[in-house]
Amino acid sequence: MSQLRLFAEERKPSPAVGLDVSLADAAGLLASAPPGATIGLDIETTSGDPTMKAFLPERAGIAGIGVWCPWVERGFYFPLRHRHGPNLDAALARDLLGPFLVSRPWAAYNGKFEMRFLDFHGWPLSRKVRCSFVGAHLLDENASKKLADVAPRYLGEEKMGDEIKRWLKTAGTEDYGDLPVDLAARYCVQDARLAYRLDQTFAPELERHGLGPLFDLEMRVLPELAAMEARGHLIDLDFLMQMEPRVRAERDELAARACAVLGRAVDLGSPAQLRDVFYAQLGLVPTGATGKGAPSVDDDALSAIDHPFAAAVLAWRRVAKKHSTYLEPLVRHHVRGVIHASINDCGAASGRMSMSDPNLQNVKDEPDIRSLYVARPGWTNMYWDYSQIQFRIFAHYAGDRRVQAAYRDDPDADFHRLCLEMMPRLGTRDRAKTVNLALLFGMGAALLAKQLGCSVEEAKSARALYYASLPLVRAFQYRVEQRLLNPGYIFSLYGRRRRNCKAHIAFNALHQSVEADMMREAIALVGPMVREVGGNLLLPIHDELIAEVPTQDAGELRAISKQATDAMVGVSRLSIPVRCKTEFTTTTWADKKGLI
């Protein structure tokens, strides 16, 4: 075993040279690492469930681990689960490599992926992560983040990939554990080396653009996100398995009824078929148009059509969306009743995090849906929710002294009521909120008119009234427009950049990025606090952070709540006060409430 071929790579002079080396040689090279030296790291996985878009360590294994040692310009591949071998005994590999991984800084292209897999399979990593995917995103939020695109762009080196794809396609597999070890080794070690080189290339560039502190924050948060994914959120599987088939049957029944109204079968999910039915066959007059000018069949358009088929389609859509968005993904993605959603730290150009497989950031606020999400027995789930944070950010950037003074006098003030007091002609708080949202999200006059239920001219008048009452809002929008022209980008309060986009997108991105980076700061602080009492962070949902702690008496829960709330409020860089509400449940998300 001591002479097992590790399939090393070195950079003298070829980029990939297969070598026979002993474990003793590998151990010696690892031991020769200078203090604090960063390694490059990559893993290859066996295939998981083929129905899954994301690989979960709960459903897949580690085929092998690639390590790049820059102090000797050499890398090694440790084969662990290749179908045709040879493989290294996992315990032996762990004895050799494990102490090194748990103590060293390490660079990977997708650091969270490596953390999830290695930790789950008994290979804990240090938290000294350098994720070059995040670095690429910070330097250019609009460009492709695929390593095959990033490596040539920054390093002038092509990533090995076509040879792997051809082999897998010929073999009829997607399992990297089926690859010959020497082929997998070259592929994996190159990725580890590219990740290291990209990190070394990005570090001075991030500092030059003032993005170093933001990258450091991202690296503090990445292990927390990996831990959240690993822990997952428990669901009531019995309740789900009762509700999903019932709603699916209701959906199918409504589809049958809709087709019966029409007198023939039609794909209710096809806009083209619906457009043909409503406007060609039935001869109805379109009430709206798509962005490309085609007659619209969206909910607003069908709601304006007085025909039983339109009503039937709308009824079907409501139930179909409930099934496809809130139920079926849980059935497909749960692992023994736990949802391990992927938290995408670079999910949006604005800096906002996203979620996938499934998306838990849009869990509908309905009792039956939120009742699916439950606290573990003996645990209390805690929810910290920033109050109207995007509008507080809006008020900060607008700089209106009246609004800022109102918040200082009453930190719990309602932004929409403040605006209504300054613009009573808007009539109601809901109308003031609609106009606020229109400005924040770049809504045009036509869409604002639809939201307000008025003419386009009246919507334009409402917007003009807003600008006249809060002139600094328009002045700030103008500054954003000018900065997009010169120097060509804008910076948020946290230094995050947004460029090469329309002004209304940049304006909204400023608010989203500040909200997202406040949440990152909060996660970095609250995560260790929760772990100190034996708890875990569970999910970040835009302006809400969810955690769980072992159930304790009310006094202890209040102490935990206050400590975390103070931290979340304290990370704010806004010129106005920030508020954070805390709620608890020992049962379901639907039952959360304040602590008495």
*Asks:* When you look at Asp368 and Lys322, which way does the salt bridge (charged side-chain N to carboxylate O under 4.0 Å, His left out) test go after all the steps?
*Replies:* CA-CA 11 Å; Asp368 60 341; Lys322 181 175 184 177; 2.5 Å; yes
*Asks:* Closest heavy-atom contact between Tyr407 and Ala395?
*Replies:*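 Heavy-atom minimum between the residues: CE1-CB, 4.1 Å.
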*Asks:* Does any N or O in the side chain of Arg497 come within less than 3.5 Å of the main-chain N or O of Leu139, such that one atom is a donor and the other an acceptor?
*Replies:*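 Flag set: sc Arg497 to bb Leu139 pair under 3.5 Å.
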*Asks:* Listed by chain and number, what are the salt bridge (charged side-chain N to carboxylate O under 4.0 Å, His left out) partners of Lys364, not counting sequence neighbours?
*Replies:*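 Salt bridge (charged side-chain N to carboxylate O under 4.0 Å, His left out) check on Lys364 returns Glu366.
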*Asks:* So, using salt bridge (charged side-chain N to carboxylate O under 4.0 Å, His left out) as the criterion, who are the partners of Arg431 when residues are at least two apart?
*Replies:*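 Scan of Arg431 (salt bridge (charged side-chain N to carboxylate O under 4.0 Å, His left out), adjacent residues dropped) gives none.
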*Asks:* Sequence neighbours left out, what passes ring pair (Phe, Tyr, Trp, His ring centres under 6.0 Å) with His137? Give chain and number order.
*Replies:*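 Ring pair (Phe, Tyr, Trp, His ring centres under 6.0 Å) check on His137 returns nothing, list empty.
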*Asks:* Does the cation-pi check pass for Arg573 over Tyr494, that is, NZ or CZ under 6.0 Å from the six-membered ring centre and within 45° of its axis?
*Replies:*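 Flagged: Arg573 positioned over aromatic ring of Tyr494.
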*Asks:* Looking only at side chains, do Glu244 and His323 share a donor and an acceptor under 3.5 Å apart?
*Replies:*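 There is such a pair (donor and acceptor under 3.5 Å, judged by atom type) between the side chains of Glu244 and His323.
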*Asks:* Please table the atom pairs, donor to acceptor, closer than 3.5 Å between any side-chain atom in residues 438-455 and protein atoms at least two apart or in another chain.
*Replies:*
residue : atom : partner : partner atom : Å
Ser455  : OG   : Glu458  : N            : 3.1
Ser455  : OG   : Glu458  : OE1          : 3.3

*Asks:* Taking the six-membered ring for Trp and the full ring for Phe, Tyr or His, determine whether the centres of Phe202 and Phe215 are under 6.0 Å apart.
*Replies:*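 Centroid distance Phe202-Phe215: not below 6.0 Å, so no.
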*Asks:* Has His340 got a side-chain atom pairing as donor or acceptor with Ala230's backbone, closer than 3.5 angstrom?
*Replies:*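 Indeed, once roles are kept as given, a pair shorter than 3.5 Å links the two residues.
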*Asks:* Please tell me if the side chains of Tyr466 and Cys419 come closer than 4.5 Å, counting only heavy atoms from C-beta onward.
*Replies:*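 A side-chain contact under 4.5 Å exists here.
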*Asks:* Are side-chain heavy atoms of Leu254 and Arg251 found at a separation under 4.5 Å?
*Replies:*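 Leu254 vs Arg251: side chains apart.
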*Asks:* Are the ring centres of Phe491 and Tyr489 closer than 6.0 Å?
*Replies:*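 Yes, they do, as the ring centres are separated by less than 6.0 Å.
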*Asks:* Considering only heavy atoms from C-beta outward, does the side chain of Val473 approach that of Asp400 to under 4.5 Å?
*Replies:*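 No, their side chains stay 4.5 Å or more apart.
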*Asks:* Have Ser513 and Ser350 got a donor and an acceptor in their side chains that come within less than 3.5 Å?
*Replies:*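 Looking only at side-chain atoms, Ser350 and Ser513 do not form any donor-acceptor pair under 3.5 Å.
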*Asks:* Please tell me whether Thr290 and Ser296 have a donor and an acceptor in their side chains that are separated by less than 3.5 angstrom.
*Replies:*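 The criterion, which ignores hydrogens and geometry beyond distance, is not satisfied for Ser296 and Thr290.
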*Asks:* Answer yes or no: is there a donor N or O on one side and an acceptor on the other, between the side chain of Ser572 and the main chain of Leu574, under 3.5 Å?
*Replies:*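 A pair under 3.5 Å: yes.
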*Asks:* Who passes salt bridge (charged side-chain N to carboxylate O under 4.0 Å, His left out) against Arg408, sequence neighbours left out?
*Replies:*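 Partners of Arg408 by the salt bridge (charged side-chain N to carboxylate O under 4.0 Å, His left out) criterion come out as none, since no residue qualifies.
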*Asks:* Quick one: closest heavy-atom pair of Leu234 and Ala375, and the distance?
*Replies:*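 Of all heavy-atom pairs spanning Leu234 and Ala375, the closest is CD2-O, 4.0 Å.
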*Asks:* Is Arg332 salt-bridged to Asp357, going by a charged N under 4.0 Å from an acidic O?
*Replies:*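 Salt bridge flag = no for Asp357 with Arg332.
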*Asks:* Who pairs with Gln404 by side-chain hydrogen bond (donor to acceptor under 3.5 Å, both in side chains), at least two apart in sequence or on another chain?
*Replies:*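 Listed in chain order: Ser575.
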*Asks:* Taking atom CZ as the centre, does Arg417 end up with more than 12 heavy-atom neighbours from other residues, nucleotides or ligands that are less than 6.0 angstrom away?
*Replies:*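 At most 12 heavy atoms, drawn from other residues, nucleotides or ligands, come within 6.0 Å of this atom.
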*Asks:* Nearest heavy-atom pair of Met115 and Ala226: which atoms, and what distance?
*Replies:*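 Taking Met115 first and Ala226 second, the nearest heavy atoms are CB-CB, 4.0 Å.
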*Asks:* With sequence neighbours excluded, what pairs up with Asp345 under the side-chain hydrogen bond (donor to acceptor under 3.5 Å, both in side chains) test?
*Replies:*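 Asp345: side-chain hydrogen bond (donor to acceptor under 3.5 Å, both in side chains) contacts with Arg520.
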*Asks:* Please enumerate all residues that pass salt bridge (charged side-chain N to carboxylate O under 4.0 Å, His left out) together with Glu544, with sequence neighbours excluded.
*Replies:*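 Residues passing salt bridge (charged side-chain N to carboxylate O under 4.0 Å, His left out) with Glu544: Lys592.
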*Asks:* Gln273: what forms a side-chain hydrogen bond (donor to acceptor under 3.5 Å, both in side chains) with it, not counting sequence neighbours?
*Replies:*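 Expected list: none.
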*Asks:* So, Asn381 versus Thr585: side-chain donor-acceptor pair below 3.5 Å or not?
*Replies:*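 Per modelled atom types, Asn381 and Thr585 side chains form no pair under 3.5 Å.
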*Asks:* Output, in order, the C-alpha distance, side-chain angles, deciding distance and verdict of salt bridge (charged side-chain N to carboxylate O under 4.0 Å, His left out) for Lys145 and Asp140.
*Replies:* CA-CA 9 Å; Lys145 309 303 183 302; Asp140 192 342; 6.0 Å; no
*Asks:* What are the two closest non-hydrogen atoms of Gly495 and Leu214, and how far apart are they?
*Replies:*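 Closest approach of Gly495 to Leu214: C-CD2, 4.3 Å.
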*Asks:* Name the one of His542, Gln512, Glu515 that satisfies side chain to side chain donor-acceptor pair (under 3.5 Å) with Gln390?
*Replies:*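 With Gln390 as partner, side chain to side chain donor-acceptor pair (under 3.5 Å) holds for just one option, Glu515.
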*Asks:* Can you name the ring pair (Phe, Tyr, Trp, His ring centres under 6.0 Å) partners of His416, sequence neighbours left out?
*Replies:*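 For His416, the residues satisfying ring pair (Phe, Tyr, Trp, His ring centres under 6.0 Å) (neighbours in sequence not counted) are Phe391.
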*Asks:* Do you know which two heavy atoms are closest between His333 and Ile339, and how far apart they sit?
*Replies:*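 Heavy-atom minimum between the residues: C-CD1, 4.2 Å.
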*Asks:* Hey, does Tyr279 have a side-chain heavy atom less than 4.5 Å from the side chain of Ile305?
*Replies:*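 In short, these two side chains touch, coming nearer than 4.5 Å.
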*Asks:* State which residues pass side-chain hydrogen bond (donor to acceptor under 3.5 Å, both in side chains) with Asp365; sequence neighbours excluded, sorted by chain then number.
*Replies:*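 Asp365: no side-chain hydrogen bond (donor to acceptor under 3.5 Å, both in side chains) contacts found.
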*Asks:* Hey, what do you get for CG (Leu206) to CG (Leu138), rounding to the nearest 0.5 Å?
*Replies:*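 Rounded to the nearest 0.5 Å, the CG-CG separation comes to 6.0 Å.
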*Asks:* With sequence neighbours left out, what residues match Tyr467 under ring pair (Phe, Tyr, Trp, His ring centres under 6.0 Å)?
*Replies:*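 For Tyr467, no residue satisfies ring pair (Phe, Tyr, Trp, His ring centres under 6.0 Å) once neighbours in sequence are set aside.
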*Asks:* Does the pair Glu548/Arg231 count as a salt bridge with the N-to-O cut at 4.0 Å?
*Replies:*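 Salt bridge: yes.
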*Asks:* With no hydrogens and no angle check, is any side-chain donor or acceptor of Ser132 less than 3.5 Å from a backbone partner on Gly135?
*Replies:*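 The answer is no, because no donor-acceptor pair under 3.5 Å joins these two groups.
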*Asks:* Are His511 and Tyr397 close enough, and set up right, to give a ring pair (Phe, Tyr, Trp, His ring centres under 6.0 Å), and what steps lead you there?
*Replies:* CA-CA 9 Å; His511 297 78; Tyr397 275 128; 5.6 Å; yes
*Asks:* More than 12 non-hydrogen atoms from neighbouring residues, nucleotides or ligands closer than 6.0 Å to CG on Asn142, yes or no?
*Replies:*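 Yes.
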*Asks:* Taking the side chain as C-beta and beyond, is there a heavy-atom pair between Leu525 and Arg220 under 4.5 Å?
*Replies:*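 Counting from C-beta outward, Leu525 and Arg220 do come under 4.5 Å.
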*Asks:* Quick one, Met355 and Pro540 - any side-chain contact, counting heavy atoms below 4.5 Å?
*Replies:*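 Sidechains of Pro540 and Met355: in contact.
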*Asks:* State whether the side chain of Asp298 and the backbone N or O of Asp300 hold a donor-acceptor pair below 3.5 Å, judged by distance alone.
*Replies:*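 The answer is yes, because a donor-acceptor pair under 3.5 Å joins these two groups.
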*Asks:* Which is it for Asp149 and Arg153 under the salt bridge (charged side-chain N to carboxylate O under 4.0 Å, His left out) test, yes or no, and what are the steps along the way?
*Replies:* CA-CA 6 Å; Asp149 296 324; Arg153 189 187 315 145; 5.3 Å; no
*Asks:* Glu229 side chain to Ile343 main-chain N or O, any donor-acceptor pair under 3.5 Å?
*Replies:*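 Here the side-chain-to-backbone pair exists.
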*Asks:* Under 6.0 Å from the CZ atom of Phe239, do we count more than 12 heavy atoms belonging to anything else shown?
*Replies:*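 Counting neighbours around CZ of Phe239, more than 12 heavy atoms of other residues, nucleotides or ligands fall under 6.0 Å, so yes.
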*Asks:* Distance only, no hydrogens: is a donor on one side chain within 3.5 Å (strictly under) of an acceptor on the other, for Ser303 and Asp299?
*Replies:*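 There is no such pair between these side chains.
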*Asks:* For Thr287 and Ala301, indicate whether the former's side chain and the latter's backbone hold a donor-acceptor pair under 3.5 Å.
*Replies:*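 Checking the backbone N and O of Ala301 against the side chain of Thr287, a donor-acceptor pair under 3.5 Å is found.
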*Asks:* Are the side chain of Arg392 and the backbone N or O of Ser387 linked by a donor-acceptor pair below 3.5 Å?
*Replies:*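 Yes, because the side chain of Arg392 sits within donor-acceptor range (under 3.5 Å) of the backbone of Ser387.
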*Asks:* Answer whether the closest heavy-atom distance between the side chains of Leu198 and Tyr154 falls below 4.5 Å.
*Replies:*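 Yes; the side chains approach each other to less than 4.5 Å.
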*Asks:* Is Arg498 paired with Glu141 through a side-chain N to carboxylate O contact shorter than 4.0 Å?
*Replies:*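 Salt bridge: yes.
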*Asks:* Just by distance, do the side chain of His209 and the backbone of Leu211 share a donor-acceptor pair under 3.5 Å?
*Replies:*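 It does not hold such a pair.
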*Asks:* Is the backbone of Gly347 close enough, under 3.5 Å, to the side chain of Arg352 for a donor and an acceptor to pair up by distance?
*Replies:*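 Absent.
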